[in-house]
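Worksheet: the structure to be examined is printed underneath.
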Amino acid sequence: YVQEDAFHIINVLKKSPLFKEKNIDFKIHPDFAHEKNKYESLLEKNWRLIDDIKKLDAYGIVISSNSGSVLEFASIGMSVIIIASNGAFTTNPMPEEGKGIIWDIAYDEDELKMIYQNLQEIRSQKFSDVQNISEYYLKDFFSPVTLEAIIENFDLKEWIHLDFRDADNR
């Protein structure tokens, strides 16, 4: 997590009149919770810092930088906008499938506004497309955490020899 990317997101949002008037919740990385005042000093009057997200269904769009959690958010039906880093490198964990429908990447405030409006329109007029891609992400990119899945996903078969036939009886 790069703290400068968080400040960059705030600055990009501030440059757009569209976002200045919206109610926006910000969740900062726990590593920087001790700097809460620094973040709060940058926020517009309708914006606020939250400590945790209690009701995910209250949100339709998540704006982030290079977080791997954006794929998790998209897999539960949230639309995602990635703000490209101000630095030399932007991590994009999203698959190409679904770009422009459930997620997109913005490089400046003008693109952010256009992408936000596009994703909002798709959510209101073609929500089944968002749901279908979300289900695809969940099915293809996530698996239940079991000992057998860990061994399979990390190719540990030659190192660990277990008989899974009796795994439910343990």
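The closest side-chain heavy-atom distance from D104 to I82 is not below 4.5 Å. Residues M94 and I105 are not in side-chain contact: their nearest non-hydrogen atoms beyond the backbone lie 4.5 Å or more apart. With a 4.5 Å cut-off on side-chain heavy atoms, K27 and L49 do not count as touching. L71 has its side chain within reach of P95: a pair of non-hydrogen atoms, C-beta onward, lies under 4.5 Å apart. Using a 4.5 Å heavy-atom cutoff, the side chains of I63 and I9 are in contact. Between E21 and K45 there is a side-chain heavy-atom pair separated by less than 4.5 Å. Using a 4.5 Å heavy-atom threshold, the side chains of I83 and D5 count as separate. Put simply, the side chain of V80 does not reach to within 4.5 Å of the side chain of I102, judged on heavy atoms.
Considering NE2 of H8 and OG of S85, their distance stands at 6.5 Å, rounded to 0.5 Å. Rounded to the nearest 0.5 angstrom, E97 CD and N132 CG are separated by 13.5 Å. Summarising the geometry, atom CD1 belonging to I76 is positioned 13.0 Å from atom CD belonging to E135; distances are rounded to the nearest 0.5 Å. The structure places NE2 of H34 at 9.0 Å from CD1 of I28, a figure rounded to the nearest 0.5 Å. One distance of note links CD of E4 with CG of N11; it measures 9.5 Å at 0.5 Å rounding. We find the CG-CZ distance between D25 and R48 to be 4.0 Å, quoted to the nearest 0.5 Å.
Shortest non-hydrogen contact noted between K20 and E44 is CE-OE2, 3.8 Å. When all heavy atoms are compared, the tightest approach of V70 to P93 is CG2-CG, 3.5 Å. Across all non-hydrogen atoms, the minimal contact from I133 to G98 is CD1-CA, 3.6 Å. Heavy-atom minimum distance, D108 versus D110: OD1-N, 3.0 Å.
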Step by step, work out the side chain to side chain contact (heavy atoms under 4.5 Å, CB included) result for W103 and Y137. CA-CA 12 Å; W103 77 272; Y137 288 170; 3.3 Å; yes

Report the C-alpha distance between N46 and I24 in whole Å, list the side-chain angles of each, state the deciding distance to 0.1 Å, and finish with yes or no for side chain to side chain contact (heavy atoms under 4.5 Å, CB included). CA-CA 7 Å; N46 295 338; I24 299 177; over 6 Å; no

Please assess R123 against S79 for the test side chain to side chain contact (heavy atoms under 4.5 Å, CB included), listing each intermediate value before the final yes or no. CA-CA 8 Å; R123 291 188 71 78; S79 296; 3.0 Å; yes

Let's go through I81 and L112 carefully: what are the C-alpha distance in whole Å and the side-chain angles of both, what is the deciding distance for side chain to side chain contact (heavy atoms under 4.5 Å, CB included) to 0.1 Å, and is it a yes or a no? CA-CA 8 Å; I81 300 173; L112 175 62; 3.7 Å; yes

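Side-chain N or O atoms of K14 include one that pairs as donor or acceptor with a backbone N or O of L42 at under 3.5 Å. In this structure a side-chain-to-backbone donor-acceptor pair under 3.5 Å is present from E111 to Y107. The closest donor-acceptor contact from the side chain of S16 to the backbone of L13 lies at 3.5 Å or more, if one exists at all. Under the 3.5 Å distance criterion, the side-chain polar atoms of N118 are matched with a main-chain donor or acceptor of G100. S134 contributes a side-chain N or O that, together with a main-chain N or O of A74, makes up a donor-acceptor pair within less than 3.5 Å. Looking only at distances, no side-chain donor or acceptor of Y39 sits under 3.5 Å from a matching main-chain atom of F7.
Close placement of the F19 and Y116 rings is indicated, their centers lying within 6.0 Å of each other.
Under the 30°/60° scheme for interplanar angles, the aromatic rings of W47 and F26 are found to be tilted.
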